[in-house]
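Residue numbers start at 1 and run along the sequence shown. Whatever order the structure lists ligands and atoms in, that order sets their numbers, starting from 1.
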Amino acid sequence: MKIIQIINGPNLNLLGRREPGVYGSRSFEDYLKELRLRYPDVQLDYFQSNCEGELINCIHACGFEADGIILNAGAYTHTSVALHDAIRAVTAPVIEVHISNVHQREEFRHRSLISAACRGVICGFGLDSYRLAVEALL
Ligand code: DQA
């Protein structure tokens, strides 16, 4: 069975309630149930944290065993050299995802410090960005 680790960063625990006009009105837990039903042969593990170091710890913990990591680093995307280094440190391919099209938004969201370390980037397709990332990894 393939193992894919989904990692969500800061404020993504509030999906469904946070700026629904930007991020939609569905909780991630609800979406994840659907995603797991869609891929019964894939072990989809999920971790969310608002703390940068915990995201790094999770990448270290799964990054040598998982078949892939889907990472929405939230705002740390735009600030974190430490996450960039963690992605480079592990062997699993990491797909950077964003729910919104960050390039249509404020200028400070246009720059990602993690993209160059990732296998690829998917953004702007709402929660479907995660499914597209699963497809890319499979
Ligand atoms: C986000 C985009 C980021 O700029 C923002 O800080 C987030 C969510 C997205 O999924 O669209 O928290 O990563």
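Scanning all protein heavy atoms for the shortest distance to atom 1 (C) of ligand 1 gives His98 ND1, 3.6 Å. Looking only at protein heavy atoms, the nearest one to atom 8 (C) of ligand 1 is Tyr23 OH, 3.5 Å. Looking from atom 9 (C) of ligand 1 to the surrounding protein, the closest heavy atom is Ile99 N, 3.3 Å. Protein heavy atom in closest approach to atom 11 (O) of ligand 1: Ser100 OG, 2.6 Å. Taking atom 5 (C) of ligand 1 as the reference point, the nearest protein heavy-atom neighbour is Arg109 NH1, 3.3 Å.
Annotation: the span from Arg111 atom CZ to Thr79 atom OG1 amounts to 8.5 Å, rounded to 0.5 Å. Taken to the nearest 0.5 Å, the CD1 atom of Ile6 stands 12.0 Å off from the CG atom of Leu12.
By the 3.5 Å distance cut-off applied to N or O atoms, Ala75 is counted among the residues near ligand 1. On a distance-only criterion, Thr77 and ligand 1 share no N/O pair closer than 3.5 Å.
Checking Asn50 against Gln48 by side-chain atom types alone, a donor-acceptor pair falls below 3.5 Å. In this structure, a donor-acceptor pair under 3.5 Å is present between the side chains of Tyr39 and Glu135. For the residue pair Glu52/Ser80, the side-chain donor-acceptor check at 3.5 Å is satisfied.
Proximity of Val102 to ligand 1, defined as any heavy-atom pair under 4.0 Å, is confined to the side chain (atoms from C-beta onward). No part of Glu96 comes within 4.0 Å of ligand 1, judged by heavy-atom distances. Contacts between Asn72 and ligand 1, counted as non-hydrogen atom pairs separated by less than 4.0 Å, involve the side chain only.
In this structure, His110 has no heavy atom closer than 4.0 Å to ligand 1.
Other members of the cluster containing Leu55 are Ile7, Phe47, Ile56, Ile59, Phe64, Ile69, Leu71, Tyr76, Leu83, Ile87, Val90, Val94, Ile114, with ILVMFWY side chains joined at under 4.5 Å, either directly or via other members.
Within ligand 1, the atoms closer than 4.0 Å to a non-hydrogen atom of Arg18 are 7 (C), 12 (O), numbered from 1 in the order shown. Counting the atoms of ligand 1 from 1 in the order shown, those under 4.0 Å from a heavy atom of His78 are 3 (C), 4 (O).
The two residues Arg105 and Asn101 make their nearest non-hydrogen contact at CG-O, 3.5 Å.
The ring of Phe28 has its center closer than 6.0 angstrom to the ring center of Tyr130.
Ring pair His78/His98 is parallel by interplanar angle, where below 30° counts as parallel and above 60° as perpendicular.
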